[in-house]
Each structure stands twice: as C-alpha cells, then as structure tokens.
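The residues of the chain are indexed from 1 along the displayed sequence.
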Amino acid sequence: MYLRVKMSKKLELLYWLATFIVLSIIYSMIAKNIIPNSDVMSSFREARDITEGNIFLSGWDLSTVSFYFTEIIPYAIAIKIIGFNENLYYIVPGVFMSILVTLSLYISHTKSRASLWPVLSVFGIPTVFSSSIMLIACIHIGAYIYMLAIILIIDRYRKKNDLKLLFPYVFMLSLLVFSDDISKYAFIIPIVFVCIYRMYASLMKRDSLNTNDLLLLVFTISSIFIAELISFIFIKLGGFNLPGITKPHIVEFQQITSNISLVIMGVFKFFGGYAFGMEIGSFNSLFTMIKVFFIFVFLFLSYKNILKFKEIDFIDQVLIVSSLVMLIAYVSSDRPTNLSSIRYIVPTFIFMSIVIARNSFSLPVKTNLLISLIVIALSLPTMATTKNIVNKNDITIELRDFLIKNKLQRGYASFWFASSVAGFSDINVAPFESYGDRFTPYNWLSKKEWYQKGANFLIADDVEQEEKAIKQFGQPDSTHKIQDKKVLIWKNGIDSL
C-alpha cells in the first residue's frame, strides 16, 4: 500500500513536470514572434547589470515598479544559465507563462480532480491578443506566480494549522510587495478583506475568533512594513531610483463608458472571440463564435460562484475578491488608455478561471479530461501561432544591424528606439527627451552611466529631431535613412547629454 501511494506521487510529479516542459516549449515558440520593445529590453539589461555585480542596480532609474524579485532576479539567473543573448526574450516569458499555467492547473486540480478546462479555455491556450500582454517580460507575470505560490502556502497553513508556514508566507509576500505594486490591489487587499470578513462572520455566529485568520491578517499587514524596510535598505545602499508615475485618479464621468467599452472589447480580444466584422459562415468566424460561447460560459460561472461567496473556502474567496477589485479598479480609474491596458485585469481572468475549476462542477475525472480535450481542440484554431513569423524588416532589427555593421557603440535615441534597438548586443543606446531646443537624459528605464561617455550617433524620429540634433551637436559627418528614421553619425563623437 505504501509503495503504491509512493509510486502514485512520483507519477503525479512526473505528470506536472511534463506539463511544465511541454507548455514551456509551446509558449516559447509563441513568444518568439513578439519582438521585444524598450520596456522589455531594459529589464534584461538591468538583469545583466546584476550579473556583473551591480546587485542593487545603483545608478538606474526604473519605472513605476521595480519588478526586482519577481522578474529581474529570475532574469539574472537565466542570463547566468544561457547567457545574454536573444534566446532570453522568448524563453524566459515562455517559462514564466508555463509556471503560471502549471500552478493554476495544480491549484485547480487539488480540489476538483482533472478540472483543467476552465484554465485552458480562458488563458492556458493563448490567443494573438492574450499572448501580446502575457508572453513578454516585465508584464506582472512574475507577481502572479508569486501570488499562486503564496496561495499554496496559505492553503497548507490552514489545513495543517502549521504556524511555521507563516514565516515563508510573510517572506515571499514582502518580496512581492517590494517588487510589484499590483500585489497591493490584487493580493493584499483581498486577503485583508477576507480575513476581516471571516472573523466578523464568526463573531456574528457567536463562535470563537479564528486565530488562524487573525494571525494571517497580522502577518499580511506586517509584510507591507517589511517591504518598506527593504526599500529603505536599498536607498541607503545606493540602490535604484523609482520615478513612479502620478497616483491614479477616479475616472472622469464622461470616460466611464470608454473604460467599460475597453473592458468589453478586451474580453472578446483576450478570449479570441472578437467576431465583429467577420464574414458570416467563414471558417474563422465559426471558431471565433465558439470562443464567444466560452466567454459567456466564463461570465455565467463567475457570476454563479460570486453568489456562493459565503459557502466557498478561504482561497476561493481571496481569488474572487481579487478578481472583482482589479476589474472595479480598472473601470473606475483613469489608467485605461488603450486596449493593451487590459493587462491590468489579467488577474481577473486567471483567478476566476481557478475558482470556476475548483467549485463549479463535481464531475468524474474522465468527464473532466474529455471536456478539457474538447476545449483544446476547439481553441487551437484561435491560438497564437507557434510558427516563426518574426518580421525581419522590423525597424528595430534594421537599425541594430546597421549599427553593428558600422561598428557604432554609443548613441542616443527616443525611448522606444533606445534599448529595443540595442537589443542583446554590446551597443549602448541611451534614451533622450526634449526640453526646449535641447536633448536631455530620459530618467526612465535608463542608467546614468550611459550619458557620461558621450556618443557617436543619434537616431532621429523626424525632421524636427534631426534639426535639433544638428543645432546641439553640430553637423554630422554622415546621415543614413533607415525606413522612417535617420541615423546621424559624428566620427569624432559628441558631448554627453
């Protein structure tokens, strides 16, 4: 009997390991078609700096959040393993996505055996749109992985009543809060809310106060202070600067309809069910309409589970509250600006699919597996392609090839053509911004050192930038047109910004 149980555990471990490996390969193949922009490339350059000894990223101006422990440190480990090369931009997001989906499937599986189809139908089989906001670096996927790993710790803590688990819990949660502010809305607030809700419910029933909930609440709140302490230590040790952005505001009344419209369009795009404008009866429209059916099933089952909030367990309550908080925050804030901002409600898709898997149906294993196979078959036509369709004529690739061919090492460009053009080469392209009639350093995802050594080229986006460059640095020795950009070259170099 012991041997049989032991063997089944080994087989289960092999099953999840095989799932992770297969998904990593598939997701990496999809991610290969998403050319990294400057946001993405900056994160890899930060990671390389860490591998070269700049542990605290001294001299770096980052962006809204640091992603330090959730993304940058794992990227640094990846660089140590496979080197600083272009394989990183698709392998790392592919592996991250695989960890996310495997953890989601595992958490679903632990309560409802083989109930894999909700996760697969919602985000496990990426569409063109969902892959564009999930299969790239520094898009919060690392934070979601942390959240699901912490969920497993909470689950074990509550089942085993093991107080020692609160220490890895608060440790991981502190690193998460320090690294990514999205955790405060998607995780801290939901956990605090559910703890207070459950303690209040116990008091209303005249039951004794659940100390597990109270301790979890205390440790959760303490993680915020620990995260602040980590920030203080980084500052004292000369670590990175976090410029951030202005605090979010409540949406203007006239913009509410725009936000709701973005949510609706985003849901259709995310699921691959955007059938609007398609030819009726075509092959593509048929499978797109099937995904529309998936959307309505997802919405219906989400609604049914929200109504069962009092009956479900702690984990599912946290996931539901998180899903609602992120959705409400998105609709009611001024953050939605375009379709890609739908990335802020990705936790809603992830967490609600897990809740549905864990609570909606009590089906036999064989039935769940059959449904999962049907979902996979029906989703494949709308899945993002695994074929290599990278546009070799992409302007960032052409500019990089030109710089390499002409042995140009240091230069300036506007933000979106700085780190993205440098890529995984040894070229350094520092981003600039315009102040009046001069270019100045752009203190956003850049390192101060980049501006101290001068440069020998500048990439101009338009005639105005070209004229400004000539006025500030003098007549270039040569000018080269690459698509709609111009590369201005000074053989003797130009001053630092």
What class does the angle between the rings of Tyr344 and His140 fall in, given that below 30° is parallel, 30 to 60° is tilted and above 60° is perpendicular?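 Tyr344 and His140: tilted rings.
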Could you label the plane-to-plane angle of the Phe167 and Phe219 rings as parallel, tilted or perpendicular, counting under 30° as parallel and over 60° as perpendicular? perpendicular
Can you tell me how far [atom2] of [Y] sits from [atom1] of [X], rounded to the nearest 0.5 angstrom?
{"X": "Ile371", "Y": "Leu120", "atom1": "CD1", "atom2": "CG", "result": "12.0 Å"}
{"X": "Trp60", "Y": "Leu445", "atom1": "CH2", "atom2": "CG", "result": "7.5 Å"}
{"X": "Ile196", "Y": "Leu214", "atom1": "CD1", "atom2": "CG", "result": "10.5 Å"}
{"X": "Leu175", "Y": "Ile230", "atom1": "CG", "atom2": "CD1", "result": "5.0 Å"}
{"X": "Ser66", "Y": "Ile73", "atom1": "OG", "atom2": "CD1", "result": "9.5 Å"}
{"X": "Trp117", "Y": "Ser379", "atom1": "CH2", "atom2": "OG", "result": "12.0 Å"}

Taking all non-hydrogen atoms of both residues, which atom of [X] and which atom of [Y] are closest, and how far apart?
{"X": "Tyr27", "Y": "Val101", "result": "OH-CG2, 3.4 Å"}
{"X": "Met134", "Y": "Ile141", "result": "O-CG1, 3.5 Å"}
{"X": "Leu88", "Y": "Phe84", "result": "CD1-CA, 3.9 Å"}
{"X": "Ile376", "Y": "Ile125", "result": "CA-CD1, 3.8 Å"}

Tell me, with the steps shown, if Glu71 and Ser179 meet side-chain contact (heavy atoms from CB on, under 4.5 Å). CA-CA 8 Å; Glu71 314 258 356; Ser179 302; over 6 Å; no
pair [X]-[Y]: side-chain heavy atoms closer than 4.5 Å:
{"X": "Tyr274", "Y": "Phe129", "result": "no"}
{"X": "Met352", "Y": "Val122", "result": "no"}
{"X": "Tyr90", "Y": "Ile34", "result": "no"}
{"X": "Val375", "Y": "Phe294", "result": "yes"}
{"X": "Val40", "Y": "Cys138", "result": "no"}
{"X": "Asn305", "Y": "Asp316", "result": "no"}

As a quick check of understanding, evaluate salt bridge (charged side-chain N to carboxylate O under 4.0 Å, His left out) for Asp313 and Arg158, giving each step before the final call. CA-CA 10 Å; Asp313 69 17; Arg158 296 184 65 82; over 6 Å; no
Give a yes or no answer on whether the side chain of Ser360 reaches the backbone of Ala357 with a donor-acceptor pair at less than 3.5 Å.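 The answer is no, because no donor-acceptor pair under 3.5 Å joins these two groups.
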Indicate yes or no for a side-chain donor-acceptor contact from Asp49 to the backbone of Leu57 under 3.5 Å, with no hydrogens or angles considered. no
Determine whether the aromatic ring centres of [X] and [Y] lie less than 6.0 Å apart.
{"X": "Phe187", "Y": "Tyr146", "value": "no"}
{"X": "Tyr89", "Y": "Phe44", "value": "no"}
{"X": "Phe178", "Y": "Phe234", "value": "yes"}
{"X": "Phe298", "Y": "Phe123", "value": "no"}
{"X": "Tyr197", "Y": "Phe309", "value": "yes"}

Would you say the side chains of [X] and [Y] form a donor-acceptor pair under 3.5 Å?
{"X": "Ser223", "Y": "Tyr169", "answer": "no"}
{"X": "Tyr330", "Y": "Ser341", "answer": "yes"}
{"X": "Thr396", "Y": "Asp394", "answer": "yes"}

Decide yes or no on side-chain contact (heavy atoms from CB on, under 4.5 Å) for Ile107 and Asp155, but give the supporting numbers first. CA-CA 10 Å; Ile107 293 170; Asp155 192 42; over 6 Å; no
Do you know which of Leu100, Ile354, Val119 makes side-chain contact (heavy atoms from CB on, under 4.5 Å) with Leu105? Val119
Just do the side chain to side chain donor-acceptor pair (under 3.5 Å) check on Asp39 and Asn37 with the steps written out, would you? CA-CA 6 Å; Asp39 279 341; Asn37 60 25; 4.7 Å; no
